[in-house]
Asks: 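Please read through the structure below; I'll follow up with questions.
Hydrogens, waters and symmetry mates play no part in the numbers below; they use all other heavy atoms, side chains included. From a predicted model like this one, the values you see are computed outputs, not experimental measurements.
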Amino acid sequence: MSIEYEEQLAGSLVDSFPKDFGYGVENMDMMQENLENSPSADNKPRILLMGLRRSGKSSIQKVVFHKMSPNETLFLESTNKIYKDDISGSSFVNFHIWDFPGQVDFFDPTFDYEMIFRGTGALIFVIDAQDDYVEALGRLHLTVSRAFRVNPEINFEVFIHKVDGLSDDHKIETQRDIHQRANDDLADASLEKLHLSFYLTSIYDHSIFEAFSKVVQKLIPQLPTLENLLNIFISNSGIEKAFLFDVVSKIYIATDSSPVDMQSYELCCDMIDVVIDVSCIYGLKDDGNGNAYDKESLAIIKLNNTTVLYLKEVTKFLALVCILREESFERKGLIDYNFHCFRKAIHEVFEVSSSTQRTGAAVQSSPPSSSGSGNGLARLKSTALNGTPRSLV
């Protein structure tokens with residue numbers, strides 16, 4: 001992704017900045033005080049990145065939210081401080097990410113770990129699949145069991161990371177072994193109600209973006225409404241698959257109910273990169289001003305297997321990327337009309353929800369009432385296949 005894109009969008013959308021708190025065995029009291037007085041102790045939910053040192057936590061954060069090349073992460077130093085990223089520049093995603101150093105025991109009696117887990121939306125524990133993970137499983141059990149007792153509403157996610165160096169059979173066996181051991185430990189501790197989700201991830205492919213997409217979706221209260229809108233849109237437009245993407249991070253906020261094919265997801269991610277890179281070269285003014293992504297952003301890519309990729313701007317930070325056949329794309333007028341209805345419904349969802357904000361939501365608005373998005377849904381449902389409005393039965 002181009003440097004210009006970073007300068008224009010990443011700063012305003014992600015607006016990430018490291019917050020290093022005083023840390024060290026000799027500074028435990030200072031870190032405790034800074035955490036309690038941190039601006040992140042507000043109502044925005046937190047995503048915690050935890051795991052043993054050198055497991056790849058900082059690399060994940062840099063690749064997903066800072067557009068760092070995976071090869072550049074080889075030169076990252078081991079984290080020895082708490083880093084906090086404020087991912088709230090987007091009008092949609094609105095949370096903090098805390099990257100914890102792996103060598104720290106935050107369950108020391110002198111440290112108030114309850115303060116960390118209160119207000120946490122998701123806890124991601126990263127395990128290095130290429131290393132002996134016995135110690136990591138012990139730390140995982142200790143972390144999630146204590147966090148669950150403080151806040152049972154936390155979503156617990158386990159990233160089985162660095163699987164790019166493993167064969168397919170080894171990946172499956174590693175995931176099965178970690179899954180079995182982790183759940184056995186929970187059963188022995190009578191914590192059957194604690195649910196762990198497992199993902200095979202690597203920063204060298206799109207698996208880390210897909211895993212983070214699943215994590216973020218659990219923090220979005222509007223997700224059922226968004227999925228319903230996408231289902232209505234594709235069923236009336238002859239589209240095979242549709243993703244609603246956050247443009248900066250390439251996390252898909254929502255998709256329709258059909259299964260996600262990894263190859264299709266990778267195609268859509270690559271399309272976003274192409275659109276932004278080309279826009280940065282040819283879409284800006286001579287003085288360099290303007291945005292690489294705006295309300296006029298639109299792209300059509302035709303592949304040699306009669307597949308068409310279609311991208312259109314939904315909001316300042318979201319894009320709809322569709323996969324369809326060439327024969328379906330011949331009815332582009334119908335697709336554009338239905339997209340107009342879909343886009344208007346999306347805006348209504350967040351206009352209504354923004355007027356009824358509540359604390360602790362993972363986006364800057366609370367979930368809409370069924371009546372809030374009804375007009376947009378009705379407009380979509382009242383679109384006939386020939387593009388003409390019809391009465392809603």
Side-chain angles (χ1 to χ4, degrees), residues 47-64 69-71 73-74 102 122-145 147-148 154-189 191-219 240-241 243 249-252 254-270 323:
I47 293 181
L48 308 183
L49 274 174
M50 292 185 164
L52 299 183
R53 65 188 304 273
R54 309 304 299 176
S55 59
K57 303 183 296 297
S58 299
S59 299
I60 292 173
Q61 182 185 2
K62 295 295 185 183
V63 169
V64 175
S69 167
N71 293 325
T73 62
L74 297 173
L123 190 157
I124 300 174
F125 196 94
V126 184
I127 296 178
D128 185 350
Q130 299 185 20
D131 198 4
D132 182 12
Y133 45 77
V134 174
E135 182 183 356
L137 285 172
R139 178 68 70 87
L140 168 65
H141 177 74
L142 176 65
T143 302
V144 300
S145 59
F148 182 76
I154 296 178
N155 296 316
F156 295 99
E157 323 286 348
V158 180
F159 285 6
I160 304 172
H161 197 48
K162 301 183 183 180
V163 298
D164 48 276
L166 306 180
S167 65
D168 290 341
D169 291 341
H170 196 179
K171 290 179 186 178
I172 296 173
E173 179 60 27
T174 300
Q175 183 178 20
R176 186 202 63 78
D177 188 38
I178 291 177
H179 182 279
Q180 184 68 39
R181 293 191 185 190
N183 283 297
D184 285 348
D185 290 342
L186 293 177
D188 293 341
L191 291 172
E192 292 84 358
K193 293 183 179 180
L194 196 162
H195 176 71
L196 299 176
S197 299
F198 297 86
Y199 308 88
L200 293 172
T201 61
S202 169
I203 59 174
Y204 291 97
D205 56 31
H206 290 83
S207 60
I208 188 60
F209 294 95
E210 184 179 22
F212 238 106
S213 297
K214 301 289 182 59
V215 172
V216 171
Q217 286 171 23
K218 294 179 182 179
L219 303 179
E240 295 185 355
K241 189 67 180 172
F243 294 92
S249 64
K250 291 187 294 188
I251 288 174
Y252 68 93
T255 185
D256 58 88
S257 57
S258 62
V260 175
D261 175 53
M262 191 64 178
Q263 186 177 8
S264 300
Y265 174 63
E266 291 175 357
L267 279 173
C268 295
C269 289
D270 292 341
I323 301 174

Asks: Any idea how His206 and Tyr265 line up, ring-wise: parallel (<30°), tilted (30 to 60°), or perpendicular (>60°)?
Replies: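 Because their plane-to-plane angle is over 60°, the rings of His206 and Tyr265 count as perpendicular.
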
Asks: Quick check: closest heavy atoms across Ser145 and Leu191, and the distance to 0.1 Å?
Replies: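 Taking Ser145 first and Leu191 second, the nearest heavy atoms are CB-CD1, 3.5 Å.
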
Asks: At their closest point, which heavy atom of Met50 faces which heavy atom of Lys57, and how far apart are they?
Replies: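 Where Met50 meets Lys57 most closely, the heavy atoms are C-CD, 3.3 Å.
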
Asks: Just by distance, do the side chain of Asp177 and the backbone of Glu173 share a donor-acceptor pair under 3.5 Å?
Replies: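 No; zero donor-acceptor contacts below 3.5 Å.
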
Asks: Check the angle between the aromatic planes of Phe159 and Tyr199 and answer parallel, tilted or perpendicular using the 30° and 60° thresholds.
Replies: perpendicular

Asks: Main chain of Leu166, side chain of Gln130: is a donor-acceptor contact present, judged purely on distance under 3.5 Å?
Replies: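 Between the backbone of Leu166 and the side chain of Gln130 there is no qualifying donor-acceptor contact (under 3.5 Å).
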
Asks: Closer than 3.5 angstrom, by distance alone: can the side chain of Ser197 be matched with the main-chain N or O of Glu157 as a donor-acceptor pair?
Replies: no

Asks: Check whether any side-chain N or O of Lys171 sits under 3.5 Å from a backbone N or O of Ala129 as a donor-acceptor pair, and report yes or no.
Replies: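 Flag not set: sc Lys171 to bb Ala129 has no pair under 3.5 Å.
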
Asks: Is it the case that the side chains of Asp256 and Ser258 hold a donor-acceptor pair, with the cut-off being a distance below 3.5 Å and no angle test?
Replies: yes

Asks: Determine the minimum heavy-atom distance between Leu194 and Val144, stating which atoms define it.
Replies: CD1-O, 3.4 Å

Asks: Can you tell me how far apart CG (Leu200) and CG (Asp205) are? Round to the nearest 0.5 Å.
Replies: 10.0 Å

Asks: Is a side-chain donor-acceptor pair under 3.5 Å present for Ser202 with Asp164?
Replies: yes

Asks: Quick one: closest heavy-atom pair of Pro259 and Lys241, and the distance?
Replies: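 Minimum heavy-atom separation between Pro259 and Lys241: O-NZ, 3.6 Å.
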
Asks: What's the shortest heavy-atom distance between Ile251 and Phe209, and which atoms?
Replies: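 Reported closest heavy-atom pair: CG1-O, 4.4 Å.
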
